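Per chain, numbering begins at 1; letters A, B, ... match sequence-line order. No experiment lies behind these values; they were computed from the predicted model shown.
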Amino acid sequence: MQLIALTQSIVFPCKNGNPLIKKTWLIMKMTIVLLTIACLHVSAKGHAQSVTLTVKNAPLEKVFKELKKQTGYDFWYESELLQNAKNVTLEVKNASLTNTLDECFRNQPLTYSIIQKIIVVKLKKRTEFSLLIPAQIKPLEVSPLLININGTVTDEEGKPLEGATILVKGTPNGTKSDANGNFSISAEPNSTLIISFVGYESTEIKIGNRTTITVQLKPSVAVGDEVVVQIGYGSVKKKDITGAVSVVNMKDLQNIPVSRVDQMLAGRIAGAEFMSTDGAPGSGTTVRIRGTRSISASNEPLYVVDGVIDGINNLNDLNPSDIASISVLKDASSTAIYGSRGANGVIIITTKGGVDKNGKTDFNFRTSQGFAEMPSYLPLMTATEYAQLLNDNFYFSSTANQTKPLEDYPFPDPLSLGKGSDWQRASTRRAPFSNYSLSASGGSKNTRYFFSGGYDDVQGVILNSSMKRYQFRLNLDQTLSKYVKAGVRLAYSNTTQEQPQRYLGAYSNWGVAFTMVAPIVPIYNPDGTLNSWNSQAYSGGIVDLPLFDLTLRKNSTNTGTLSSMLYMDVTPVKDIVLHSSVSYSNFNIVTNALVPSTMPSRAAIGNAISKSVNTNDNILNENTVTYKHTFGSDHHFDAMYGFTVQMQNFNRISMSGSGYYSDETALWDIGSIPDKQNLGISGAKELQTRMSHLARVNYNYAEKYYLTATLRKDGASNFAANNKWAYFPSAALRWNVLNENFMKKSKLDEFAIRLSAGTAGNDAISRYQSLDRLSSSTSGYLFGGTQPVAFYPSGLANAGLKWEKTAMYNAGVDLSFFNRRLNVTLEVYKSETSDLLLTVQLPTQTGFSSRLMNFGKTSNKGIELTVNYDVIRKPDFSWQTSFTAAHDKQMVDEIGLLGRVVTNNLTYGPSYFINGYQKGYPVNASFGFQYAGVWHSQEEIDQNKTDKQYVSTSYQPGRQRYIDQNHDGVLNGDDDIYLGTSDPDIYGGWQNTFRYKKVFLSVFFNYSYGGVIYYPAGNFLGNASILTTGLQYMVNRWQPVRNPDGELPRPNGQDNIPNDRFLYDASFLRLKAASIGYVFDLTKVTASKLKTLALSLNGSNLLLLKHYIGWDPEVNTSGTSSTLRRIDNGSYPANRTITFTAELKF
Amino acid sequence: MKSIKLYLLAALAIFALSISSCHKFLEEKPESFSSAANFYQTEAQAQAAVNGCYINLYKIYNSGLMCITEYTTDLAYLNAGSADQTFGINPANPGFGATIWTACYNGIMICNSTIAGIKKATAIAETKKPALIGEAATMRALYYYIVTSTFGDVPFYTSDASSSYEAMIQVAKLGRMPAAATRDSMIADLQKWAPAMPQTKSSSIANNRAGAAVAYMLIGKMALWNKEWDVCINAMQKLKDIYGPLSQYSLTDTWFRNKNKPESIFEVQYSGIVKVGNTATQLTPPKAATGAVYDGVTIPELGSVATTFTAATPTDYFISLYDTTDPRRNTTLAYTYNGTWFNRPKSNNYTGKPWPGPKFWCPNMSNQQDNNNQKVFRYADALLMLAEAANEKDDPTTAMEAINEVKARANANFVLTSYPGKDAFLEEVKKECARELFGEYGRKWDLVRWGDFYTRVKATSATEVQIIQENLHPYHEYYPIPQAEVDRSGGVLTNDAYNH
């Protein structure tokens, strides 16, 4: 009890202030917690031979479990046997094991025998009497009919298994394998051996006349019950989960060589949407779990890696092959333990640890070689088609032109131009990539380790883009004594990305984007140099055409991520575990960019560089105490209390300069700037601190009724002084219906109902938002040719800034049929988010344009389905399939007096509104005008003056018209209406794994149905612009002679009106991954020096069925933006990859 | 067990000591930015805050403002498709008005906050304050001059909206106030601070800071709007005292490439790479694909890497104002370069339209980067203002003297020898303003102030450009307040003129 008292004093740090104490105390404090715990030794009882047990009408299986717990003896039986067993009522105190067992088996149709430390349960037979003879006497052993059989038991990799049980079928004879997996047993010829080992499928082998056998056991398919799920500050068995938690089956992913973790996860978790911010090598991921809630705060989930919060900078910092398990917490009951951080869901990742291999080490070497390519190209105009468009434009530009002969047109012979410049193909390539990784794991009884190293070299499909990454990891666990276990997790990753291309196709960069430059603009000059003259840029202009960026510019980002964690578990007395950890992570992000003086745009003013160094670190100390006890036989109780402290530092230095004499040295010899006026520097330092108390109680009665309650109290520095603390409670219930007596005869394998409710928060806003701010700038007004520092107000104080809170309700059903071959989970949920952290636009007459406030409400309702089905489960052939589907509806319920919060508009012309928040509309709503074709004649235009059916920016035949929603004859914001939401109606994935003997085939589809995606480049490419190329379908534009019934606009038609013609159905079906592999067994050939070699051929993004005209509807150019989903404003195309992978185990 | 107790004690002792409190731990103490509360400790800090008052000028004095003050008048037009150029603006499509609104009010907020901060500062000597406050107040008056000239009646405040949420909300609720009252307040404010500022030519003040001359100019401009002729005359006389006779200043100094010359009163500073404008892109003849060839003429000084857009076109009326002997004709308008005719003016037997002239060109322009200073106020303008005000005040002598200084510098033969009468004289002032000041960010505001914006544009540009003819309405004299601002004001702001 002393220990508990101590822990409490640790976890309740004081209330009063002592200003003299510095931050260093905190770190010391953490260290002391660890040290103190390490030095405490309190004795506890180990396994005993004596049994104390009180059970009333308990199933035999339950009694076995209790006996195992008390004695350490294993039970071995076939489950069917127990179906006819009677329940047991028993009260023994300090009784011997055999006495207790005799009591249990009294009046049962069963009996038992003890072989070493295994209790074998058998049906009573005619030979009943013989079973009552203690096994070690082995009266039949002397029978001359018996032969001696020597054998070896190995695991699936051919390594010896120690302690496997070998039984002669139909006899009480049995033995165990030794450290080398060897055993020796006597049996009658032609009898059958049953070999079993925990975690492996038991196998029956007919001996025939053999006297030596080798048995390779297969790992058993983990049944739902046995899967242990990480739930945050603890783990539970899957059958005991009360909340909505999805687990990714890592076995499905084994044969799929992905270099990114998000690729592993997409479509596999119902209700989680993974999108790449773009397809560039090494780019980030954006994830929505159960949709979007927040408007200005982040909607990204919390990542917890090996218990460390904020330990990774990016999901893709992790080496996919290091991952041991992934759980996704979705409802409040499971996320509330993360309090203020949990509202967007939590992804818990555990990396692989070592296993006890008796001091041996398993090695795994893996390499992937492959290439990436563009899955498709945008259907753009050829030079011929484009020249015809310019001729059309000439036709319209004056009535005199309309009677001129073709010779007088700008392009008298368009056909001679052919395809012209193909900027897309000139800017992209088939890009190779390779990956190497080596891992080793092993351990002995007390020490377990895993370490891995990996190297990736990935070239991007866009010229000169690339990513190089190396990663290391060391996971070490050490049992220090009977009571203390400690370990470290150490990982480092270093990534260098090169991305020279600035303009991927954002519509504002129409003059230089490789999807937009006209095909009549030559790529090269006649002399072979790169052309820099874009004749279509208004009256023509010198610009950095795409190949300049791709070949001359430098833009590299180097990210180093160090993540370390030290933990210690102490079990001072039975049932109590103290856990304390200190983690430190450090992110260094360094960017270096050079625009050399050889770029056309820099010809007169020289080169330009920009550099930045971001150094962020994170210190986290977490301490928990867990108490777990079963009262009587049915009251299972556990409780956990914890205290955490976190401190994050954010430091940034950035600089820019221009006009250096040398392009080669400008990036690094930054002091050599000829004119210091051309040097710009800035810096910032920010600190964020958090402190939390957390508690959880789990109780279950007889594994029938479960209750979980959690409470977290969080304090965070980034809220206003009086709003730093908040409480986040939750509760959940589970009813294992199957364990009720009335379900006894049910054929189901699992039937459970779960209900939960709770509150989680969101603190994902930047720091110092509640304070007023004077910003400084040295790039302000020029005074006498220099820019002295200027200070100006840039932020308003907000004394009311507080947490955003989300109340969530969840109901779930878990079902399992046909001997667990079919598993179905269905979840229904609803959440309400209030006190939205919202950047409210202010009247700019105040001098401020916006301010972060707590404002408004959103809600979210959804349903998720996960189905896993082992369609075929045969020794030589198996087919496993899993399917996920999710639907989610997110609404803006309240937005205050503002009416509308604009998040995106077309940045040309009147800047009409495309995306934003409006009360009563979906969170991810898209707005625009309704396209109504073109004016076909002056009569139509004149008629409309009275009808007021349509509005237009230009009332001329061949110009676009739009529905005049209010029939006022004026084109304005009133005609900019709701057109749809970018959220799909249903989305998910479908995974299939086939195995025939040693050949594996896996096929994974993901899909999304419904929702819209806006294509802003359509303002040029779909409006017959003469500034840029056009989409090929624009050849069908209106023309009074050639195509008088056409409904597409005539040339020079960019009218800056966002409309439903550029809004596409975002539905898609993608063959996301397919893989075929074969596993060679090398043990025999190499005398066990090597174990297996697995070869596989893999493809990703192989097929995409879509309506969208752009490359891919599954992109989001707004990065991890809270507010914008599915905006394709110049995205890096998602690649198709083909990979060959070889994996060698030894 | 003994050791356990020791550790326990040690641990407890440390925790007791570190009763350091969650409060402290979660407190935010910014280390990389300041707050108003801990600023204004030194004169240098106050000067740094005054520097901040100028920053928004860059958002305003560029091709956007040039378009809405010069290419939408009786002197020139530009039809390259934007709503500003063709009077297609409306509250939902406010054009450059949205930028002016945001930049001016951000500037006003910064000036108000700076003035309040300096006034409150206890660490700064009282004697040092008036010059600093005067500079900030002059910038504030300039922003109000721009915003009232563009929008007419607008919200007016001099309180520090950045001081608290409540102060900000009060400002957020302000509706349109009469522009004349706003100008009167600003005139009174400038009259209070101008004496404390440097009483010298702007070109003599170190580092191109605004001195008393800028304040007098703003007083004069706003007095003209308010038809307070005496106030204008008084301020212009002060400038005359400072600047002396115009004849001493060279006409070529008025070119945009010639920076901070003695005649200059205020110009927005641009330079090389650090601060670049873009007005020259629409004031230069179109460049060919290769070489330094501009509409058929090689102009080495402009270089081969300039980017030009569709250039503004002078109206026939404007072209007609220049006598062929007027030296300003060939600097404001470009027919030839070094004696070689440009293609456009050469067309139709040398009756084609000239391009905007070398006064506006930027030598060695790199792409769209115009390094020229943008002229806001200069002394010739002050003399023409004096001429106008004196004429209105029935003081022909002063009026004649003032206008003739401007005329005589161009050509001694141009001087008015006899007073033509009040109305004719005003008409002559309007023409002289056109000849002298085209491209200096003020023509439209003068037209609006004179009350003949609609009639003059209708009679000039509109006859040459069909879309202007179709679109132009009298209400275009002022820009509409952007609809987004109307929405955010909760109905306090309105655009009655545009709600037809």
Side-chain angles (χ1 to χ4, degrees), chain A residues 6 9 13-14 16-19 21 25 29 32 36 39-40 533 538-542 601 603-605 658-659 677-678 683-685 689 691 715 717 724 768 771-775 780-785 788-793 796 798 841-847 897 899 909-910 972-973, chain B residues 4 7-8 11-12 14-15 18-26 28 30-36 39 48-49 51-52 54-55 92-93 101-102 105-106 109-110 113 155 161-162 165 168 171-172 207-208 269 271 273-275 286 289 303 305 307-310 364 366-367 483 485 488-490:
Chain A
L6 168 68
S9 73
C14 41
N16 305 322
N18 180 353
I21 307 294
W25 276 115
K29 213 156 72 177
I32 286 163
T36 316
C39 297
L40 289 169
W533 180 259
Y538 297 119
S539 48
I542 295 170
S601 66
I605 43 182
S658 58
Q677 208 198 106
N678 296 339
K685 177 185 190 304
T689 51
M691 214 180 239
S717 61
K724 294 209 191 273
Y768 310 126
L771 308 177
D772 71 316
R773 181 187 289 245
L774 274 188
S775 288
Y781 195 75
L782 277 164
F783 293 96
V789 67
F791 281 84
Y792 50 89
L796 271 168
N798 183 352
Q841 287 128 335
L842 299 171
T844 55
Q845 70 200 54
T846 59
L897 298 169
N972 60 20
Chain B
I4 295 173
Y7 277 114
L8 253 174
L12 282 173
I14 287 161
F15 299 138
S18 61
I19 297 205
S20 65
S21 72
C22 329
H23 289 291
K24 274 275 161 228
F25 185 67
L26 295 178
E28 280 194 318
E31 291 174 80
S32 61
F33 62 90
S34 310
S35 73
F39 204 67
N51 294 345
Y54 288 72
I55 292 177
N93 187 7
W101 184 273
T102 308
Y105 277 109
N106 184 244
M109 180 276 289
I110 291 171
S113 166
S162 73
Y165 179 64
M168 185 276 292
V171 171
N207 300 326
N208 322 108
Q269 307 289 318
S271 106
I273 300 159
V274 182
K275 286 291 172 193
V305 292
T307 296
T308 58
F309 297 140
T310 307
N364 297 315
S366 171
N367 293 63
Q483 189 62 39
E485 299 298 326
R488 289 174 204 168
S489 79

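Contact of B/Pro155 with chain A is made through the side chain alone, with heavy-atom distances under 4.5 Å. The part of A/Leu796 that comes within reach of chain B is its side chain, from C-beta onward, which places non-hydrogen atoms under 4.5 angstrom from that chain. With a 4.5 Å cut-off on non-hydrogen atoms, B/Ser113 touches chain A through its side chain but not through its backbone. Heavy atoms closer than 4.5 Å to chain B are found nowhere in A/Ser775, neither backbone nor side chain. Contact annotation for B/Glu485: only side-chain heavy atoms (C-beta onward) come within less than 4.5 Å of a heavy atom of chain A. Contact annotation for B/Ser35: both backbone and side-chain heavy atoms come within less than 4.5 Å of a heavy atom of chain A. Only the side chain of A/Leu771 comes within less than 4.5 Å of a heavy atom of chain B; its backbone N, CA, C and O stay farther away.
Counting heavy-atom pairs closer than 4.5 Å to chain A, the top residue among B/Pro286, B/Ala36, B/Ser34, B/Ala49 is B/Ser34. Listed options B/Asn367, B/Asn207, B/Asn106, B/Thr102 were ranked by heavy-atom pairs under 4.5 angstrom with chain A; first place goes to B/Asn207.
Put simply, the side chain of B/Ser32 gets close to the backbone of A/Lys685: a donor and an acceptor are under 3.5 Å apart. Put simply, the side chain of B/Gln269 never gets that close to the backbone of A/Gly785: no donor and acceptor are under 3.5 Å apart. The main-chain N or O of B/Leu26 is found under 3.5 Å from a side-chain atom of A/Lys724 such that the two form a donor-acceptor pair.
Between A/Arg773 and B/Pro30 there is no side-chain heavy-atom pair separated by less than 4.5 Å. Side-chain contact check for A/Ile542 versus A/Trp533: some heavy-atom pair is nearer than 4.5 Å.
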